[in-house]
A.B. asks: 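My questions will all concern the structure given below.
Values below: all heavy atoms of this structure, side chains included; hydrogens, waters and symmetry mates excluded. All of these numbers come straight from a predicted model, not from anything done at the bench.
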Amino acid sequence: MSADQTLAFDPDCHIFSGCGFPAPGLHTFLYEPIATVGGFEFTKPMLLALLSSLAVIGFFWAAFAKPKLVPGKVQMIGEAGYDFVRRGIVYEIIGKKDGEKYVPLMVSLFFFVWIMNLWSIIPLAQFPVTSLIAFPAGLALMVYVLWVGLTFKKHGFAGGWKNILGYDKSLGAILPLIMLLEFFSNLIIRPFTHAVRLFANMFAGHLLIVMFSLATWYLMNGLGFVYAGASFVMVLVMTAFELFIQAVQAYVFVLLASSYIQGALSEHH
């Protein structure tokens, strides 16, 4: 069953009608290809990711292509969003002097992740792109490569390894153990958790919304009608909560990316 069919189950399937609850599962996140070109399958999540990129580029182009001294509504919103990431995340974590050059990247990351999350509650789309691990993993890999590259560029080969492994002679006999732990933590666990934190939250949120949506329809039969109302309220509650989580996850993703860059530029790990 494709994700497009998740909500399109048998309309006669209700509680007390002899059919079981059509519980959502991994099939909720699988989509049939929209088109196949040369063996490459283009799916709905890919389309939404592409639209997210175009939305970010289009919005900031409209906001800053012809900036005015007295900003219009679009420019004002663009400036507010840009300044939020610049001052609220980059300057706070990396610092104004070192962080300024990374502001465009972090602004792009924040709004790109946020919009990919927002598709979850937009009619017809109704799917958070970041609930597929490939997208958070790709973004986390980009941050990871940038962090490692900056570390060695800033400190050199030997100094870069000292920074990554947390080398500190004052630790004495436990230094080898600390270096081993830092190796696994920074080079293996860090990119994994960076991606999974975003993926897991969006995956769980989407699954809950789908489950309560299905339950609302399934319970609309006989006495189940009373419980259908409660399920529908949960759909509204989860949707509102998801709005909050979507913004928080974009914030956390960029916050962590900034902290990694700060660690690469600092003298001590």
A.B. asks: Show the nearest heavy-atom pair for residues Gln75 and Pro67, with the distance to one decimal.
C.D. replies: OE1-CA, 3.5 Å

A.B. asks: Please give me the minimum heavy-atom distance between Ile89 and Ser258, naming the atom from each residue.
C.D. replies: CG2-OG, 3.6 Å

A.B. asks: What closest approach, in Å, do His206 and Glu242 show between heavy atoms, and which atom pair accounts for it?
C.D. replies: N-OE2, 4.1 Å

A.B. asks: For a quick test of reading the model, state the closest non-hydrogen atom pair linking Pro176 to Gly172 and the distance between them.
C.D. replies: CD-O, 4.2 Å

A.B. asks: Side chains of Tyr260 and Arg190: does their closest heavy-atom pair fall under 4.5 Å?
C.D. replies: yes

A.B. asks: Can you confirm whether Val113 sits close enough to Val254 that some side-chain heavy atom of one is under 4.5 Å from a side-chain heavy atom of the other?
C.D. replies: no

A.B. asks: Can you tell me how far apart CD (Gln246) and OG1 (Thr239) are? Round to the nearest 0.5 Å.
C.D. replies: 9.0 Å

A.B. asks: Kindly indicate whether the side chain of Leu26, heavy atoms from C-beta on, has any atom under 4.5 Å from the side chain of Phe203.
C.D. replies: yes

A.B. asks: Any sub-3.5 Å donor-acceptor pair from Ser231's side-chain atoms to Tyr227's backbone N or O?
C.D. replies: no

A.B. asks: Any chance you could measure Phe111, atom CZ, to Tyr82, atom OH, to the nearest 0.5 Å?
C.D. replies: 11.0 Å

A.B. asks: Is atom CZ of Phe42 surrounded by more than 12 heavy atoms (other residues, nucleotides or ligands) closer than 6.0 Å?
C.D. replies: yes

A.B. asks: Are there more than 12 heavy atoms of other residues, nucleotides or ligands under 6.0 Å from atom CZ of Phe152?
C.D. replies: yes

A.B. asks: List the atom of Thr151, the atom of Gly160, and the distance in Å for their closest heavy-atom pair.
C.D. replies: CG2-O, 3.5 Å

A.B. asks: Could you tell me whether a side-chain N or O of His155 sits under 3.5 Å from a main-chain N or O of Ser266, the two making a donor and an acceptor?
C.D. replies: yes

A.B. asks: Ser259 side chain to Leu256 main-chain N or O, any donor-acceptor pair under 3.5 Å?
C.D. replies: yes

A.B. asks: Do Ile209 and Phe232 share a hydrophobic cluster (ILVMFWY, side-chain heavy atoms under 4.5 Å, transitive)?
C.D. replies: no

A.B. asks: Before you tell me yes or no, could you show the steps for Lys154 and Asn163 under side-chain contact (heavy atoms from CB on, under 4.5 Å), namely the whole-Å CA-CA distance, both residues' side-chain angles and the distance that decides it to 0.1 Å?
C.D. replies: CA-CA 10 Å; Lys154 172 72 174 181; Asn163 181 283; over 6 Å; no

A.B. asks: When clusters are formed from ILVMFWY side-chain contacts under 4.5 Å, directly or step by step, what else is grouped with Leu124?
C.D. replies: none

A.B. asks: Within a strict 4.5 Å, meaning less than it, do heavy atoms of the Thr130 and Gln249 side chains meet?
C.D. replies: no

A.B. asks: For residues 89-110, which residue pairs qualify under salt bridge (Lys or Arg N to Asp or Glu O under 4.0 Å), counting only residues two or more places apart or in two chains?
C.D. replies: none

A.B. asks: For a side-chain contact (heavy atoms from CB on, under 4.5 Å) check, start with the C-alpha distance between Tyr102 and Leu265, then their side-chain angles and the critical distance, and finish with the verdict.
C.D. replies: CA-CA 12 Å; Tyr102 302 104; Leu265 299 176; 4.0 Å; yes

A.B. asks: So do Leu139 and Phe112 actually touch side chain to side chain, heavy atoms under 4.5 Å?
C.D. replies: yes

A.B. asks: Has Lys44 got a side-chain atom pairing as donor or acceptor with Ala125's backbone, closer than 3.5 angstrom?
C.D. replies: yes

A.B. asks: At what distance, to the nearest 0.5 angstrom, does CD of Gln262 lie from CD1 of Ile93?
C.D. replies: 7.5 Å

A.B. asks: With side chains defined as the heavy atoms from C-beta onward, is the minimum distance between Asp168 and Lys162 less than 4.5 Å?
C.D. replies: no

A.B. asks: Considering residues at least two apart in sequence or located in another chain, which fulfil the side chain to side chain contact (heavy atoms under 4.5 Å, CB included) criterion with Val74?
C.D. replies: Phe59, Ala62, Ala63

A.B. asks: With a cutoff of under 4.5 Å between side-chain heavy atoms, which Ile, Leu, Val, Met, Phe, Trp and Tyr residues group with Trp61?
C.D. replies: none

A.B. asks: Met238 vs Phe212, test: side-chain contact (heavy atoms from CB on, under 4.5 Å). Steps then yes/no.
C.D. replies: CA-CA 9 Å; Met238 288 305 304; Phe212 284 114; 4.1 Å; yes

A.B. asks: Out of curiosity, Met234 CE to Leu208 CG, how far, rounded to the nearest 0.5 Å?
C.D. replies: 8.0 Å

A.B. asks: Can you confirm whether Phe241 is buried at CZ, in the sense that more than 12 heavy atoms of other residues, nucleotides or ligands lie under 6.0 Å from that atom?
C.D. replies: no

A.B. asks: Applying side-chain hydrogen bond (donor to acceptor under 3.5 Å, both in side chains) as the test, list every pair that has at least one member in residues 103-115; sequence neighbours left out.
C.D. replies: none

A.B. asks: When Ile, Leu, Val, Met, Phe, Trp and Tyr are grouped by side-chain heavy atoms lying under 4.5 Å apart, directly or through other members, which residues fall in the same group as Val233?
C.D. replies: Val237

A.B. asks: Share the residues that join Leu177 in a hydrophobic cluster, the rule being Ile, Leu, Val, Met, Phe, Trp or Tyr side chains under 4.5 Å apart at the heavy-atom level.
C.D. replies: Leu181

A.B. asks: Answer with yes or no whether the hydrophobic clustering places Phe244 together with Tyr251; edges join I, L, V, M, F, W, Y residues whose side-chain heavy atoms lie under 4.5 Å apart.
C.D. replies: yes

A.B. asks: Among all residues two or more places apart in sequence or in another chain, which pass the side chain to side chain contact (heavy atoms under 4.5 Å, CB included) test with Leu132?
C.D. replies: Phe29, Pro45, Phe127, Phe135

A.B. asks: For residues 67-91, which residue pairs qualify under salt bridge (Lys or Arg N to Asp or Glu O under 4.0 Å), counting only residues two or more places apart or in two chains?
C.D. replies: Asp83-Arg86, Asp83-Arg87

A.B. asks: Checking Thr36 now: which residues fulfil side-chain hydrogen bond (donor to acceptor under 3.5 Å, both in side chains) with it, not counting sequence neighbours?
C.D. replies: none

A.B. asks: Nearest 0.5 Å, what's the CZ-CZ distance between Phe110 and Phe84?
C.D. replies: 5.0 Å

A.B. asks: Can you name the closest pair of heavy atoms from Ala264 and Leu150 and give their distance?
C.D. replies: CB-CB, 3.9 Å

A.B. asks: Would you be so kind as to tabulate the donor-acceptor pairs closer than 3.5 Å made by side chains of residues 50-58, with sequence neighbours excluded?
C.D. replies:
{"residue": "Ser52", "atom": "OG", "partner": "Leu48", "partner atom": "O", "Å": "2.8"}
{"residue": "Ser52", "atom": "OG", "partner": "Trp119", "partner atom": "NE1", "Å": "2.7"}
{"residue": "Ser53", "atom": "OG", "partner": "Ala49", "partner atom": "O", "Å": "3.2"}

A.B. asks: Verify the cluster assignment for Val252 and Ile189: are they in a single hydrophobic cluster under the rule of side-chain heavy atoms below 4.5 Å apart?
C.D. replies: no

A.B. asks: With clusters defined by side-chain heavy atoms of hydrophobic residues (ILVMFWY) lying less than 4.5 Å apart, directly or transitively, does Val107 cluster with Ile77?
C.D. replies: yes

A.B. asks: Give a yes or no answer on whether the side chain of Thr43 reaches the backbone of Tyr31 with a donor-acceptor pair at less than 3.5 Å.
C.D. replies: no

A.B. asks: Once you round to the nearest 0.5 Å, how far does CD1 of Ile133 lie from CG of Leu198?
C.D. replies: 8.0 Å

A.B. asks: Can you sort out the partners of Phe183 under side chain to side chain contact (heavy atoms under 4.5 Å, CB included), two or more places apart, ordered by chain and number?
C.D. replies: Trp161, Leu165, Leu187, Ile188

A.B. asks: Should Leu236 and Leu207 be regarded as members of a common hydrophobic cluster, given that ILVMFWY residues are connected when their side-chain heavy atoms come within less than 4.5 Å of each other, either directly or indirectly?
C.D. replies: no

A.B. asks: Run the side-chain contact (heavy atoms from CB on, under 4.5 Å) check on Lys169 and Tyr167 step by step: do they pass?
C.D. replies: CA-CA 7 Å; Lys169 291 189 295 184; Tyr167 180 82; 3.1 Å; yes

